[in-house]
Amino acid sequence: MGVLMVSNLAKAFGGVQAVAGVSFCVAAGEMLAMIGPNGAGKTTCFNMLNGQLAPDAGAIEMQGQSLLGKTPREICRAGVGRTFQITATFASMSVRENVQIALLSHARRLGSLLAAMENKFLKEANELLDQVGLRAQAGRPCAELAYADLKRVELAVALASRPRLLLMDEPSAGMAAAERHAMIQLAAQLARASKIAVLFTEHDMEVVFQYADRVIVLCEGALIAQGTPDEVRADARVRRVYLGELSEPTGDA
Amino acid sequence: MEYTSVLIQFLNGLASASSLFLVAAGLSLIFGVTRVVNFAHGSLYMLGMYMAVWLSERIGFWLAVPMAAAIVGLLGAVVEMVLLRKIYQAPELLQLLATFALLLVIKDAALWVWGAEDLLGPRAPGFAGTVQIADGALPQYDLLLIALGPLVLVVLHFMLAKTRWGILIRAATQDREMAGALGVNQRWLFTGVFALGALLAGLGGALQIPREPANLSIDLSVISDAFVVVVVGGLGSIPGAFLAALLIAQAKTFCIALGYSKATLVVEFMVMAAVLVIRPWGLLGRVPANLRGPAAVPLPFHPPSPRMLRIFAVLSGALVLLPLASDAYALVLLTDILIFALFATSLHFILGPAGLYSFGHAAYFGLGAYAAGIFSLQGKFPMELALALAPLAAGLAALVFGWFCVRLSGVYSAMLTLAFAQIAWSAAFQWDALTGGSNGIVGVWPAPWLASKTAYYYLTLLLCAGAIIFLWRAIFSPFGYALRAARDAPLRAEASGIAVRSMQWAAFTIAGLTAGIAGALYAFSKGSISPEAMGVQRSVDGLVMVMLGGLQTLSGPLWGAALFTWLQDAAARNIDYWRAATGAVILALVLLWPNGLGSFLQSKK
């Protein structure tokens with residue numbers, strides 16, 4: 001069944017109901033896209049899932065275990081990996097060290113003060129870097145990398161925690177079209193290969209309809225539609241919501 | 001205690017709160033607009049005191065007070081234009097260091113002008129008597145002060161809420177970039193705010209002279225009190241500062257009234273601890289909207305290269321052989337250098353990889369030294385045992401203080417470290433029975449087999465080299481990388497399962513413990529300990545050593561410590577105003593290379 005089950009999630013800021021009773025689930029190996037116009041409540045939803053915001057009501061269950069009230073660290077331990085909308089990597093380290101430290105954290109081996117980190121989890125780190133296509137840049141300092149490559153480092157760091165669920169808030173923000181496709185394609189590939197459930201938000205509808213297995217649509221805090229890309233595209237309410245938003249209808253799939 | 005004396009003590013506390021509030025309000029205002037924590041704010045208070053005493057002999061008390069405040073305000077404007085304007089864009093640590101240097105310069109300037117003796121101020125004419133309250137007496141002047149605090153609060157509130165200038169200040173406090181974009185002339189706004197803050201501090205000091213003599217140590221005690229007040233009240237909140245000043249002044253006054261004058265520091269600490277546990281950003285403070293991260297991308301550390309390792313091997317060989325060729329004087333200097341190399345390396349450990357600012361690292365050095373002395377003289381422990389246990393005492397203090405420091409970040413944490421160090425220093429200064437007060441502890445000598453300078457040098461070499469190697473290894477261990485991860489991107493680190501605060505807490509404790517080793521070695525090498533061992537000057541020395549060597553280099557602290565200790569040894573005896581000289585050197589370095597001395601040194605390599 002679903003890896004992540006979200007039911008009746010709600011959050012209000014002052015008088016504004018940012019998220020109003022949203023329910024959905026993500027299955028293992030599934031790419032679930034969350035879309036909606038600006039202010040629909042996507043980021044609020046994400047921040048409740050990753051522990052940065054406490055929901056007013058509702059339940060979040062990860063493989064039967066409730067994530068409510070857990071800190072970002074505990075949520076990581078529960079098997080949730082994430083990437084950030086504004087890319088966050090460890091700038092003073094090399095690409096490989098970024099992945100190594102995440103692997104060591106996952107193995108709970110950070111307490112060691114005397115052993116050098118240099119050779120720890122080298123094989124695993126190299127494998128992850130192979131998967132995201134950064135093996136050739138493993139030794140470079142993160143601070144030198146191009147933006148699209150930093151996004152890949154972050155993906156490798158997130159995968160190092162061996163997540164069952166991956167949360168990606170706008171993984172392709174700020175990228176050119178070709179890079180955007182490559183990034184989401186990579187995430188989709190890795191998710192399917194390791195049976196990881198992926199929940200992502202994305203503005204580029206072309207990317208969403210090409211790579212998502214399922215799509216959920218938020219509008220003014222409520223879930224107004226869900227289904228396969230084709231079903232969502234055909235949904236009358238979605239079309240109404242998006243007609244003002246998108247300059248061109250999303251015709252090609 | 002009777003009802004009347006409770007009332008009188010309460011009123012007394014209110015009077016003390018007023019001065020404290022004036023200083024803290026100025027500090028808060030300046031921080032709100034310029035985002036610079038002014039470590040020299042207590043010095044402005046001190047200047048206000050001296051100026052008022054000096055002026056009141058010439059023009060009378062009532063003219064002297066506003067005049068002194070105005071002069072200090074003017075001086076504040078000059079300081080802002082000459083110094084602060086140059087460093088608003090510099091990394092936070094350098095800004096703190098620059099205002100810290102200012103503190104040193106002002107202290108020595110006051111020493112030069114007014115001498116080392118305390119200056120007694122006059123009574124306030126017209127308020128020299130007392131008021132009878134039931135069967136107790138309260139100085140009339142206290143009543144005046146009690147009224148003044150709320151009055152200034154109301155005036156400030158009105159000014160911020162109603163005047164155009166006040167609205168600009170609030171706009172700049174909330175969103176500096178936006179206020180700038182709207183065409184606010186930031187230069188004059190910043191200068192004005194700094195002058196106003198300085199004026200408030202000067203006024204606070206000037207008003208204090210009928211109650212307390214002007215003296216040279218007031219700057220640090222006031223700034224650490226003010227730090228506690230703004231941390232408790234919430235940095236940037238004027239009403240918060242008022243509330244916190246009341247709370248702390250009352251707590252202290254009642255402590256003294258109950259006959260526990262030694263406990264005032266402990267009480268101050270407890271009040272702060274309680275508030276920070278419940279409200280980490282202070283009573284009326286809000287979570288800072290955009291606390292700045294490191295201004296520049298931190299440079300990666302590199303493990304020593306083979307060439308570097310060869311240099312170290314040669315150096316170690318030289319250090320082992322040196323006693324054969326050097327006289328006792330050189331040996332003592334070398335022992336000092338080794339001790340301070342360890343001290344600087346332990347400070348670098350939290351400053352660099354962990355990214356925690358500590359302006360009070362000498363507390364752990366001093367606690368190690370005092371513990372060594374107390375264990376061996378009062379505990380009658382063998383010297384070896386005292387030397388082994390003393391660092392644990394320092395580590396324990398770091399464990400307790402560190403818990404608070406890692407809960408806050410950046411400048412907040414820096415203020416706390418200084419406040420804690422000042423508390424530790426005052427404890428050593430006041431607790432005569434245990435620490436010998438201002439005289440310190442004498443007769444702390446090593447065991448007979450270590451009595452010769454040569455033997456003690458080898459012991460120091462062994463322990464310091466061992467501890468430094470341990471700290472260096474730790475930087476390249478998984479623990480050290482986790483610290484850097486937590487510094488580089490705290491949220492990313494948490495989301496990868498790294499316990500950011502626990503890691504930083506552990507690092508703080510380790511740094512305290514290793515500084516304690518240096519302190520204990522220092523105690524036995526000198527044979528005596530005085531409160532200066534943990535004074536602020538020593539914390540500054542540590543910072544200068546680290547900055548001299550370069551924050552982002554591994555071996556920097558060693559070269560920095562060697563150079564600084566040697567310079568101090570060679571020059572301190574010949575330069576009367578060593579403190580001011582250190583301050584001037586820091587200021588020059590900060591102004592010339594506002595983006596970090598480390599970067600300058602690295603580019604020169």
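The figures that follow rest on heavy atoms only: side chains count, while hydrogens, waters and symmetry mates do not.
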Part of A:Arg109 within contact of chain B (heavy atom distance under 4.5 Å):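 It is the backbone, since no side chain atom gets that close.
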Interface moiety of A:Thr89 toward chain B, non-hydrogen atoms closer than 4.5 Å: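 It is the backbone, since no side chain atom gets that close.
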Most contacts with chain A, counted as non-hydrogen pairs under 4.5 angstrom, among B:Gly480, B:Ala506, B:Ala495: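 The answer is B:Ala495.
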Given a strict heavy-atom distance threshold of 4.5 Å, which part of [X] is in contact with chain A: side chain, backbone, both, or neither?
{"X": "B:Ile510", "value": "side chain"}
{"X": "B:Phe476", "value": "backbone"}
{"X": "B:Ala493", "value": "both"}

Between A:Val157, A:Leu114, A:Leu104, the one whose heavy-atom pairs under 4.5 Å with chain B are most numerous: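 Of the candidates given, the most pairs with chain B belong to A:Leu114.
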Largest heavy-atom contact set with chain B, pairs under 4.5 Å, which of A:Ser112, A:Ala102, A:Ala115, A:Ser94: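 Counting heavy-atom pairs under 4.5 Å, the top option is A:Ser112.
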Sidechain-backbone polar pair: B:Asp488 side chain, A:Ser92 backbone, donor-acceptor under 3.5 Å: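 Yes, because the side chain of B:Asp488 sits within donor-acceptor range (under 3.5 Å) of the backbone of A:Ser92.
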N/O donor-acceptor pair under 3.5 Å between A:Arg152 side chain and A:Val132 backbone: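 Looks like yes, one N/O pair under 3.5 Å.
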Under 3.5 Å side-chain donor-acceptor pair for [X] and [Y]:
{"X": "A:Arg140", "Y": "A:Gln137", "value": "yes"}
{"X": "A:Ser172", "Y": "A:Glu179", "value": "no"}
{"X": "A:Thr201", "Y": "A:Asp169", "value": "yes"}

Ring geometry between B:Trp505 and B:Trp403 (parallel below 30°, tilted from 30 to 60°, perpendicular above 60°):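 If you compare the ring of B:Trp403 with that of B:Trp505, the planes turn out perpendicular.
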Near-ring test B:Tyr364/B:Phe508, centroid separation under 6.0 angstrom: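 For B:Phe508 and B:Tyr364, the ring centres are under 6.0 Å apart.
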Between B:Trp472 and B:Phe312, ring centroids under 6.0 Å: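 For B:Trp472 and B:Phe312, the ring centres are under 6.0 Å apart.
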Residues in residues 44-59 of chain A near chain B [non-hydrogen atoms, under 4.5 Å]: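 From residues 44-59 of chain A, the residues near chain B are A:Gln52.
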Under-4.0 Å salt bridge between A:Glu154 and B:Arg492: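 Counted as a salt bridge, because a side-chain N and a carboxylate O are separated by less than 4.0 Å.
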Neighbour count >12 (heavy atoms, 6.0 Å) for atom CD, A:Gln85: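 Count over threshold, so yes.
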